[in-house]
Amino acid sequence: MKQTLAIIKPDAVQRNLTGRILAHLEEAGFRIRAIRSIRLTDAQAREFYRVHSERPFYGSLVQFMTSGPVFPVLLERDDAIPTLRRTIGATDPAEAEEGTVRALFAESKERNSIHASDSPENAAQEIRFFFAGADELNAG
Ligand code: CMP
């Protein structure tokens, strides 16, 4: 699978790190095929993270993800899903490998600057969630 989805999260957008994170992804060989800015509603954040709805951190995660604008990004390269997961690093920045996006920029396990799809099924679903019908999906 050549495409995956990232979301630059509110903590990173608020600290003006969007450009640096996008540059990091481009340097890792990803092409940015689509990007938008959106302030998620409570219902959208709940829907996006519904796989975590039984977790103790769900309410806090939804509150954080709706606290400011985010940038969903459609990314493309060979082996996109595992490569992006490696590029962003572990969920907890304290455990993220040196040089990864989260090691460089994340504040905590929750305020961890970036999301990346974790499977082909979720990537397809998450791309549809933010970019359904977008012309740029199949452009050049
Ligand atoms: P993400 O890759 O977007 O997927 C689920 C998110 O839940 C994760 O990044 C974190 O922001 C958040 N998360 C995961 N585990 C925890 C935790 N133990 N405490 C708080 N937030 C968490």
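As the structure lists them, so they are numbered: ligands from 1, and atoms in each ligand from 1.
For S117 and N122, the side-chain atoms include no donor-acceptor pair closer than 3.5 Å. Side-chain contact, S113 with E107: no donor N or O sits under 3.5 Å from an acceptor N or O.
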Got a list of side-chain donor-acceptor pairs under 3.5 Å for residues 79-87, not counting sequence neighbours?
from	atom 1	to	atom 2	distance (Å)
T83	OG1	D79	O	2.7
R85	NH1	A116	O	2.8
T87	OG1	T83	O	2.7

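Under the salt bridge (Lys or Arg N to Asp or Glu O under 4.0 Å) criterion, D42 pairs with R46, not counting sequence neighbours. Take K2 and apply the salt bridge (Lys or Arg N to Asp or Glu O under 4.0 Å) test, not counting sequence neighbours, and it matches D78.
Between H115 and Y49, the angle of the ring planes goes over 60°, which puts this pair in the perpendicular group of the 30/60° scheme.
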Do any nitrogen or oxygen atoms of ligand 1 lie under 3.5 Å from a protein nitrogen or oxygen, and which ones?
from	atom 1	to	atom 2	distance (Å)
ligand 1	2 (O)	R102	NH2	3.2
ligand 1	2 (O)	H115	ND1	3.3
ligand 1	3 (O)	K9	NZ	2.7
ligand 1	3 (O)	Y49	OH	2.6
ligand 1	3 (O)	H115	ND1	2.9
ligand 1	9 (O)	K9	NZ	3.0
ligand 1	9 (O)	N112	ND2	3.4
ligand 1	11 (O)	K9	NZ	3.0
ligand 1	11 (O)	K109	O	3.4
ligand 1	11 (O)	E110	O	3.1
ligand 1	11 (O)	N112	OD1	3.4

